[in-house]
Every structure is written in C-alpha cells, then in structure tokens.
Amino acid sequence: MKINIAIDGPSAAGKSTVADYLAGKLGYIHLDTGAMYRAVAWAALKKGLKLDDAESLLKLVKRMRLDMMKDGRILLDGHNITPDLRNNEVSMAASAVSKIAALRSAMVERQKEIAKDGGYILDGRDIGTVVLPNAELKIYLVADSEKRAQRRYKQDLSSGLKSDYNLILKDIIKRDYDDSHRAASPLTKADDAIEIDTTDMSFEEVGEKILALALNKIARGEEND
Ligand code: DC
C-alpha cells in the first residue's frame, strides 16, 4: 500500500531535504510544491510582470507548460530552470505570487492530480490543510529562524553561491510573516499533523523519525487491507 505524506512548515525548515531522504528510503516521489510557485515567480520576473497583477500572472500560468519531473528537475516550456529557482530574489517573488488565490487554486489542482494514486511526499505550506487533507501522514516541521538562516547560509556556500547570513535571516523572518498572514491558505498546522522541532536535530534524525512514522502507517494500512 502506498500512502501520501504531507510535510508543511515555514521556509528553510528542511522540508525539501527531508522529503528527498524519505523518497529515497521509501521509493516514493517527492513533489516540491514551493518550486512550482518559484517557477511562476521566475517566469513573472523574466517577463517584468508586477507580482501583484493577478490577471497577468494567471494568464502566464495558463500559457506556460510546467513539468515537475520525477527526478526533481523543473522544466518550463521544455527548459530546465531548476538551478535558477533558489536565489533570494526568486524566493521573495514566490512568496508574493503565492498570495494570489486564483493562482493557488490552479497549483493546488495540479498537485492533487499528481498525488492522486499515492506514493508521494509533498512539501509546502498548505499540503496537510488544503492539497491533501486526507494524507495518511502529516508532518509540520519548525525550527528557530536563526538556525534556519544558518542552514541556508551553509547550503549556499557549499553550493558555491555567494551568500549573506543577515540578508537570509531578514528574508526568512519576512517570508514567515507574509506566508502566515496572507488571506489565501496561510501557513497553518493541520489539526492532525505531527509537529517536529528540528532546531537541534540533524536531517538524518528528522528523516529517520518521519520514516518510522511512515512505515508504521504503511504497515497498519496493509493490516486493514
Ligand atoms: O518552500 P519554498 O521556500 O520553496 O516556497 C516558496 C514560496 O512559495 C513560499 O514563500 C510560500 C510559497 N508556497 C506556498 O504558498 N504554498 C506551498 N504549498 C508551497 C510554497
């Protein structure tokens, strides 16, 4: 039996890394829903659109072909844009475009369709609450903002990117605020999600903890089949 796993939480809490870890261990597919909002933001910046212009952004979404590949690559109209999506400018723009309710509906519909047969790990902000309210396992990851900024800073340096710790921290705090205070599907913990504070945990520890929970759900699902 293949379950779906929802992982939500604020930016840079380690959702993607942990989702990749679980996908490897379980043979499941990781869908990074934040990358979908990043791809729209990247295309909007490239076209010089205003990030609060709902009408133009929706037109853009309707016209663009976004392929979320099983290996994690993101293709926009056939071009691999994956390496362009992680910088601060795109992060802030993704947070801005993700406020638009109609744009969110289009993304949510795609995400539900992709995960409909199970065997997926989706990470984002609204997975347990809106995208997969019936997911068999829901996780809500949190960590201190300083710790999240440190992790992102180290990640940038090890990927050979130029980085600025203070700027990352400032952006994380702003995105936390914006993502949790927007009107459309704000970041909130689902009532039935298990919260894990990863501040003092390694990614492997977090991954192993969620893996144990997932294996338990899968085993119980098989017993009931
Ligand atoms: O997870 P991330 O940092 O890559 O997400 C980028 C932005 O997209 C984030 O600021 C909020 C938004 N987002 C969202 O609103 N809903 C999701 N399911 C995923 C991301």
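Only this structure's heavy atoms are used, side chains among them; waters, hydrogens and symmetry mates stay out. Residue numbers count from 1 along this sequence. Start at 1 and go down the list; that is how both ligands and their atoms are numbered.
Residues forming a ring pair (Phe, Tyr, Trp, His ring centres under 6.0 Å) with His79 (at least two apart in sequence, or on another chain): none. Under the side-chain hydrogen bond (donor to acceptor under 3.5 Å, both in side chains) criterion, Glu208 pairs with Tyr21, sequence neighbours left out.
Around ligand 1, the residues contributing at least one heavy atom under 4.0 Å from the ligand are Thr33, Gly34, Tyr37, Arg38, Arg86, Ala94, Ser95, Ser98, Arg104, Gly124, Arg125, Asp126, Arg175, Asp179, Arg182.
Contact check for Thr33 versus Asp123: no side-chain heavy atoms found under the 4.5 Å cut-off.
Other members of the cluster containing Ile172 are Tyr153, Leu157, Tyr165, Ile168, Leu169, Ile173, with ILVMFWY side chains joined at under 4.5 Å, either directly or via other members.
Both Val61 and Leu45 belong to a common hydrophobic cluster when Ile, Leu, Val, Met, Phe, Trp and Tyr are linked at side-chain heavy-atom distances under 4.5 angstrom.
Salt bridge status for Arg151 with Asp156: absent, with no side-chain N to carboxylate O gap under 4.0 Å.
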